[in-house]
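Read through the structure below, which is laid out as structure tokens, and then see the notes.
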2 protein chains.
Amino acid sequence: MKSMRVEIDSSLSLSDRIFEQLQTAIVKGEMPSGSKISEPELAKSYGISRGTLREALSRLEERYLVVRSPNLGARVVTLSYEELVDIYQIREALGGMACGLAAEHMTAAEIADLKRLLDEHERNIEENQGLSYYQQEGEFDFHYRILQGSRNSKVTGILKGGLYQLMRMYRYQFSISGPRPYQALKEHRRIVEAIEERDAELADLLMRRHIRAARKNIDERRSISTFEKG
Amino acid sequence: MKSMRVEIDSSLSLSDRIFEQLQTAIVKGEMPSGSKISEPELAKSYGISRGTLREALSRLEERYLVVRSPNLGARVVTLSYEELVDIYQIREALGGMACGLAAEHMTAAEIADLKRLLDEHERNIEENQGLSYYQQEGEFDFHYRILQGSRNSKVTGILKGGLYQLMRMYRYQFSISGPRPYQALKEHRRIVEAIEERDAELADLLMRRHIRAARKNIDERRSISTFEKG
DNA sequence: ACGTTTTGAGGTGTCGACAATTAATGAAAA
DNA sequence: TTTTCATTAATTGTCGACACCTCAAAACGT
């Protein structure tokens, strides 16, 4: 009867797993942003104790995914356009820096892999008219590899652990696909070229410009949204 | 006899306060870096339960101040020169960005306050031969205000909440005072000038250079240290 | 004497329960 | 009908206890 047992990774504690599950639930909008979190209810639905849940919530709070006020409870974070622009600004500075470092540190094999990834993205765009996967997660794949190549574990932690989750959340919530597939792919190619040529300064610059373009896209959308509302 | 009572801020929960106390204890080296943390022992010494302590530890883990491995327990983080350089790199990118934004957003009153702070620092240096306060916390005061002026709450959170604590920890542990008081003050003055003239680009550049100088100081010290060891 | 197993102590992960605080309900007064 | 206050219900903050895991020393066999 052991086969009934759910395969669990013992290298992760229960609260670790709950933390990750909650994170994806929040990011994907299954827990609507701004909604109140009832500890007893949520603990019961996951079949865990409140203490375990609270440990996960403490960590989510540090990652800006939930907001807590003492004696009042926790809420899923609400993302305003202002905060989103703040995040893109940070991403611009850090992403550029990481890309410059990647130009210095990535191995030839890593660069070759990166090129293959872009080829794959290109096929993906042609087949699906640029929808679905590429604009959802493919964009992140690309940026993850560059972070990895920067050899700076702290910047990887900040972006992967913190900011990218918030951006992902935003995209899911507003069902916004990544910006301009062909244009973005072209920019990605140029960035990889700069990395291949070990031109750190150019890689930094191109990555900043790439992210800035995405931010302006958001900003534009914001002005439309505020126009609609009054 | 009310004066004997410790003034507690009821807007903070107990685990919040423990979290802050532990943070400063780690930063100041009262809990040596790399040392193992015994939950029962620590909980008893603070007069709290283990559950409350574990919530605080979860948050400290997210802030890179403690490292946990499942079933093995928590240790105070150990800071290597490599990681410290990583942190300075991030600080260079984010600090520069924040400074550029501060040039755009700070009010005249805030800028005037900032100038007064530098005057105070100058007096401090003359009196104490540049030791003590200014090199410990004064430097942080200056940077905090610029973060405040950037009007980007996320970057403030990342730097104040995360990276500055690690840098502070490093300074305490290696009893390294902030770099070159007179030179640093001069650089601070130039940065404020750029902010006053609303020259965001220059403010960004000067702040990056200022931080890079500090990083090179560290790097130099690292090469000495590695030379000593072999 | 050396390597292996076992057993025990200490520590971590998780849970359920109580105390304190906030929100909800309803009764009384304006 | 609306407002206010009091009482009750629900939720959060905190605690102590139990099960499982890890590590080390003792016991055992070779």
Side-chain angles (χ1 to χ4, degrees), chain A residues 1-2 4-23 25-26 31-32 34-78, chain B residues 5-23 25-26 31-78:
Chain A
M1 297 298 283
K2 282 260 177 84
M4 284 299 284
R5 200 169 61 86
V6 177
E7 196 59 39
I8 60 167
D9 184 352
S10 70
S11 76
L12 263 57
S13 90
L14 177 55
S15 91
D16 288 339
R17 267 170 290 155
I18 296 295
F19 168 74
E20 289 178 3
Q21 286 182 252
L22 286 178
Q23 175 164 280
I26 290 174
M31 299 176 68
S35 65
K36 179 150 189 339
I37 294 174
S38 163
E39 291 183 6
E41 186 181 331
L42 199 64
K44 198 167 62 181
S45 86
Y46 278 89
I48 59 172
S49 92
R50 266 185 60 226
T52 305
L53 175 64
R54 282 174 64 85
E55 275 187 39
L57 288 178
S58 296
R59 294 172 59 185
L60 289 169
E61 184 184 14
E62 284 303 308
R63 292 207 175 177
Y64 303 106
L65 286 173
V66 311
V67 178
R68 274 173 137 181
S69 12
N71 292 321
L72 295 184
R75 309 189 83 88
V76 179
V77 72
T78 60
Chain B
R5 198 169 64 87
V6 177
E7 197 60 40
I8 61 167
D9 185 350
S10 71
S11 76
L12 263 57
S13 90
L14 177 55
S15 90
D16 288 339
R17 267 170 291 159
I18 297 295
F19 168 73
E20 289 178 4
Q21 284 181 253
L22 286 178
Q23 174 163 280
I26 290 174
M31 299 175 69
S33 72
S35 65
K36 178 146 189 339
I37 294 175
S38 162
E39 292 183 6
E41 186 181 329
L42 199 63
K44 199 167 61 180
S45 86
Y46 278 89
I48 59 172
S49 92
R50 266 186 61 226
T52 305
L53 174 65
R54 282 174 63 84
E55 276 187 39
L57 288 178
S58 296
R59 293 173 60 186
L60 289 170
E61 186 184 14
E62 285 303 308
R63 293 207 175 176
Y64 303 107
L65 286 173
V66 311
V67 178
R68 275 173 139 180
S69 10
N71 291 321
L72 294 184
R75 308 189 84 89
V76 179
V77 72
T78 60

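Below, read A as the first sequence line, B as the second, and so on, with proteins coming before strands; counting in each chain starts at 1.
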### Euclidean distance, atom CD of residue E55(B) to atom P of dG13(C) [Å, nearest integer]
14 Å

### Task
Return the nearest nucleotide to the side chain of E39(A); candidates are dG13(D), dT12(C), dC15(C).
dG13(D)

### Side chain R68(B), main chain A74(B), donor-acceptor under 3.5 Å
no

#### Entry: Atom-to-atom span, CZ of R54(A) to P of dG13(C) - whole angstrom
18 Å

### Task
Work out which heavy atom in V77(B) is nearest to a heavy atom in S33(B); give both atom names and the distance.
O-CB, 3.1 Å

### Query
Taking atom P of dG10(C) as reference, at what distance in whole Å does atom CG of L42(B) sit?
18 Å

### Query
For dG13(C), does OP1 or OP2 lie under 4.0 Å from any side-chain N or O of S15(A)?
no

### Query
In the 5'-to-3' direction, what one-character label does each nucleotide of nucleotides 16-23 of chain C receive under the scheme B = base within less than 4.0 Å of a protein heavy atom, S = sugar-phosphate only, - = no such atom?
-B---SSS

#### Entry: Nearest to side-chain heavy atoms of S13(A), which nucleotide of dG13(D), dG13(C), dG11(C)
dG13(C)

### Whole-Å gap separating P (dT14(D)) and CZ (R68(A))
10 Å

### Query
Are T52(A) and dG13(C) close enough that a side-chain N or O sits under 4.0 Å from OP1 or OP2?
no

### Message
Heavy atoms only, 4.0 Å cut-off, all strands: where does I37(A) land among base, sugar-phosphate and nothing?
### Response
sugar-phosphate

### Query
What heavy-atom pair brings M31(A) and I26(A) nearest, and what distance separates the two atoms?
SD-CG1, 4.0 Å

#### Entry: Separation of dT14(D) P from D16(B) CG (nearest whole Å)
8 Å

### Query
How close or far is atom C1' of dT12(D) from atom CG of L53(A), stated in whole angstroms?
12 Å

### Query
Within the pair K44(A) and dT11(D), is there a side-chain N or O less than 4.0 Å away from OP1 or OP2?
no

### Message
I need the L60(A) CG to F19(A) CZ distance, nearest 0.5 Å.
### Response
5.0 Å

### Length of the line joining L14(A):CG and dC21(D):P, which is rounded to integer Å
14 Å

### Task
Determine, step by step, whether E55(B) and L57(A) satisfy the side-chain contact (heavy atoms from CB on, under 4.5 Å) criterion, reporting the C-alpha distance in whole Å, the side-chain angles of both residues, the deciding distance to 0.1 Å, and the verdict.
CA-CA 9 Å; E55(B) 276 187 39; L57(A) 288 178; over 6 Å; no

#### Entry: Distance in angstrom units between K36(A) NZ and dA10(D) P, rounded
14 Å

#### Entry: Chi angles and distances behind the side-chain contact (heavy atoms from CB on, under 4.5 Å) call for L22(A), L53(A)
CA-CA 10 Å; L22(A) 286 178; L53(A) 175 64; 3.8 Å; yes

### Message
Measuring from atom CD of Q23(A) to atom CZ of R59(A), what distance do you get when rounded to the nearest 0.5 angstrom?
### Response
9.0 Å

